[in-house]
2 protein chains.
Amino acid sequence: MSVIPNGGPATACGLRRFPKLSQIAGDLMDDLEASCHIQHFSAGQVVVEAGDAPDFVACVQSGYLRLQKTLADGRRHIVGLLVEGDLFGRVFDAPIQFTIEAATDAEVCCFQRRTFEDILLRSPELERSLMLNILSELDRARDWMTILSCHKITGRLAGFLLILCSRFRAVDHVVRVDGECLDVLVPISRPDLAHLLGTRRESVSRAFHALEDEGMIDILRPDLIRVRDVEGLAAEAGDEELAGRVALLQSTRNLSRKA
Amino acid sequence: MSVIPNGGPATACGLRRFPKLSQIAGDLMDDLEASCHIQHFSAGQVVVEAGDAPDFVACVQSGYLRLQKTLADGRRHIVGLLVEGDLFGRVFDAPIQFTIEAATDAEVCCFQRRTFEDILLRSPELERSLMLNILSELDRARDWMTILSCHKITGRLAGFLLILCSRFRAVDHVVRVDGECLDVLVPISRPDLAHLLGTRRESVSRAFHALEDEGMIDILRPDLIRVRDVEGLAAEAGDEELAGRVALLQSTRNLSRKA
DNA sequence: CGGTATTTTGAGTATCGTCAAGGCCAGTGG
DNA sequence: CCACTGGCCTTGACGATACTCAAAATACCG
């Protein structure tokens with residue numbers, strides 16, 4: 001993977017990848033890297049059970065984890081996705097409230113909870129980065145809420161696609177093709193997507209094809225979507241702010257491609 | 001208000017009320033209290049505009065603030081409520097992503113952002129408390145998401161009522177009456193509640209009366225609900241965990257009443 | 001090339017959103 | 001003290017949308 005800026009395979013845990021964590025004192029980073037170990041999960045495996053108080057803090061290396069809750073009637077609801085670079089596991093105390101499962105095969109970098117906390121106490125910068133991380137996570141959760149508030153499923157799906165474009169851009173599934181189009185790899189299955197959007201797989205399918213009929217997207221494969229009309233999707237989602245974020249992404253991409 | 005354990009009106013800002021903050025070194029607390037000032041807002045007033053980077057961190061003293069986003073078509077969506085003891089305003093950097101408005105008349109205790117950050121850097125305990133606070137906020141946001149995922153409005157309303165019972169119990173609107181019943185004061189108007197649940201006021205109204213017809217609640221006044229059947233509500237919401245939290249509340253209340 | 005899992009489509013029903021009208025309560029002014 | 005007015009909540013009727021169940025089509029894998 002050429003994505004990793006510093007350190008090759010020898011740097012087992014990818015913490016240095018974090019832009020926000022990259023300024024941390026070298027010795028602290030060394031301690032962190034020394035205390036970590038990589039763990040592999042295959043799709044569908046449970047990483048942490050809801051209610052547990054796991055003894056580690058972890059960082060996703062590759063793949064997708066889903067944050068979910070199983071409801072009384074057996075249905076599960078997905079409240080978020082964790083991707084490359086996301087942290088999970090609770091620092092200090094408090095149990096995990098949601099089950100974490102691997103949505104795809106995934107690699108996770110684990111730190112002993114005690115060790116992590118010790119390092120945290122020694123480094124206000126790290127603690128601060130962590131806090132900012134959690135704050136942005138909070139905003140993301142509220143973005144999901146905004147999406148869920150949309151009455152029409154097409155609107156929710158439109159919002160989801162835009163979030164995928166803007167937030168998960170760093171990861172390798174938004175493949176920029178040319179001036180107007182973005183190819184998005186939808187990382188989860190239809191049933192999972194349905195649970196995330198608070199609906200059923202049939203409705204998700206219909207919504208995809210409705211957006212295609214409107215000319216806003218092309219369905220290249222069930223899991224590969226070409227976004228043709230960002231503004232249209234934003235209008236459908238009722239949230240023009242999302243369009244702004246994607247536009248930002250596009251200009252950034254253009255710049256980096258020129259460089 | 002007899003609610004405040006330590007200090008009367010002389011302790012202008014109610015920070016000491018926080019159970020989690022009460023263990024902080026006295027001088028730090030003094031500094032905090034010295035740097036704060038109370039601000040009043042009347043219902044409907046804007047506290048912070050989305051996109052702003054306000055120069056203060058604040059703590060709600062009384063009343064309700066709503067965290068909301070105005071969508072392209074002019075409708076607004078509410079993503080959360082802030083009550084007595086909740087903190088808002090972003091520490092360190094990053095702008096506020098949602099508009100904050102007073103839902104009722106409210107008092108807010110403001111700290112100079114710089115001052116607050118300085119004190120934060122001097123006190124790992126305070127920073128840690130703040131982090132735990134944000135983490136629980138994150139869980140709350142995900143609870144809202146779970147509620148929003150319910151297809152039937154009655155289910156969402158049931159979930160809302162249970163959250164009101166469990167999370168907002170410390171504030172003075174869950175009035176315990178006797179063994180089986182809880183009287184809940186719904187703090188926001190029907191339109192606001194509709195925006196919070198992602199629906200319309202008419203549907204909210206119908207849902208209230210549907211739950212009443214099922215015998216799960218009594219509508220004493222439009223804004224005063226008697227909860228008769230916690231289990232039933234939890235089943236309607238599809239989330240038995242919520243019932244557990246309310247049960248916990250009930251037993252706690254019973255104990256404290258005996259004492 | 002066959003078998004399985006996933007996705008898609010179709011038909012019927014339930015639920016919700018919309019528009020419009022009616023009721024309830026509080027505050028105002030006679 | 002009572003009628004009036006305005007805001008909010010409620011109710012009713014109708015159309016739009018999504019959910020359910022069932023079956024077909026497609027993609028995936030060996």
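As a basis for the values below, the full set of heavy atoms in this structure was taken, side chains included, without hydrogen atoms, waters or symmetry mates. Below, chains carry the letters A, B, ... as their sequence lines are ordered, and counting in each starts from 1.
- Partners of A:Ala141 under the side-chain contact (heavy atoms from CB on, under 4.5 Å) rule, at least two apart in sequence or in another chain, are B:Leu138, B:Ala141.
- Taking the side-chain contact (heavy atoms from CB on, under 4.5 Å) definition, one finds that B:Glu240 meets it with A:Ala72, sequence neighbours left out.
- Atom C1' of nucleotide C:dC25 and atom CZ of B:Arg190 are separated by 14 Å, given to the nearest angstrom.
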Which pairs would a plain distance check flag for residues 209-223 of chain B, meaning a side-chain donor or acceptor within less than 3.5 Å of a matching protein atom at least two apart in sequence or in another chain?
| unit_1 | atom_1 | unit_2 | atom_2 | d |
| --- | --- | --- | --- | --- |
| B:Glu212 | OE2 | B:Ile219 | N | 3.1 |
| B:Asp218 | OD2 | B:Arg228 | NH1 | 2.3 |
| B:Arg221 | NE | B:Asp223 | OD1 | 3.0 |
| B:Arg221 | NH2 | B:Asp223 | OD1 | 3.4 |

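- The nearest whole Å value for the distance from the CG atom in B:Leu157 to the P atom in C:dT15 is 16 Å.
- In this view, B:Gln97 and A:Asp139, A:Glu241, B:Arg90 satisfy the side-chain contact (heavy atoms from CB on, under 4.5 Å) rule, not counting sequence neighbours.
- In this structure, CD1 of B:Ile219 is placed 15 Å from C1' of C:dG23, rounded to the nearest angstrom.
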Check: protein-nucleotides 24-30 of chain D nitrogen or oxygen pairs below 3.5 Å:
none

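- Comparing the start and finish of the helix from C:dC1-D:dG30 to C:dG30-D:dC1, five pairs each, the helix axis swings through 30°, to the nearest 10 degrees.
- D:dC8 atom C1' lies 14 Å from atom CG of B:Leu193, rounded to whole Å.
- When the C1' atom of C:dT7 is taken as reference, atom CG of A:Asp192 falls 14 Å away, rounded to whole Å.
- With sequence neighbours excluded, the residues forming a side chain to side chain donor-acceptor pair (under 3.5 Å) with B:Gln45 are B:Ser42, listed by chain and number.
- Residues satisfying the side chain to side chain donor-acceptor pair (under 3.5 Å) test with B:Arg140, not counting sequence neighbours, are B:Asp86, B:Glu137.
- Between B:Leu220 atom CG and C:dC25 atom P there is a gap of 13 Å when expressed in whole angstrom units.
- Annotation: the span from B:Leu157 atom CG to B:Phe208 atom CZ amounts to 4.5 Å, rounded to 0.5 Å.
- With rounding to whole Å, B:Arg201 atom CZ is found 13 Å from D:dG7 atom P.
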Please report, to 0.1 Å, the donor-acceptor pairs under 3.5 Å made by any side chain of residues 148-155 of chain B, with sequence neighbours excluded.
| unit_1 | atom_1 | unit_2 | atom_2 | d |
| --- | --- | --- | --- | --- |
| B:Ser149 | OG | B:Thr146 | O | 2.7 |
| B:His151 | NE2 | A:Gly198 | O | 3.4 |
| B:Thr154 | OG1 | B:Glu236 | OE2 | 2.9 |

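- The side-chain contact (heavy atoms from CB on, under 4.5 Å) search around B:Ala106 returns B:Leu65, not counting sequence neighbours.
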**OP:** Go along nucleotides 18-23 of chain D 5' to 3' and tag each nucleotide: B for a protein heavy atom under 4.0 Å from its base, S when only backbone or sugar atoms are that close, - otherwise.
**Re:** SSBBB-

Solution key, residues 76-83 of chain A side-chain donor-acceptor pairs under 3.5 Å, sequence neighbours excluded:
| unit_1 | atom_1 | unit_2 | atom_2 | d |
| --- | --- | --- | --- | --- |
| A:Arg76 | NH2 | A:Asp192 | OD1 | 2.6 |
| A:His77 | NE2 | A:His195 | O | 3.4 |

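- When atom types are taken as modelled, the side chain of B:Asp183 and the backbone of B:Arg226 share no donor-acceptor pair closer than 3.5 angstrom.
- Rounded to an integer number of Å, the gap from CG of B:Leu197 to C1' of C:dT15 is 16 Å.
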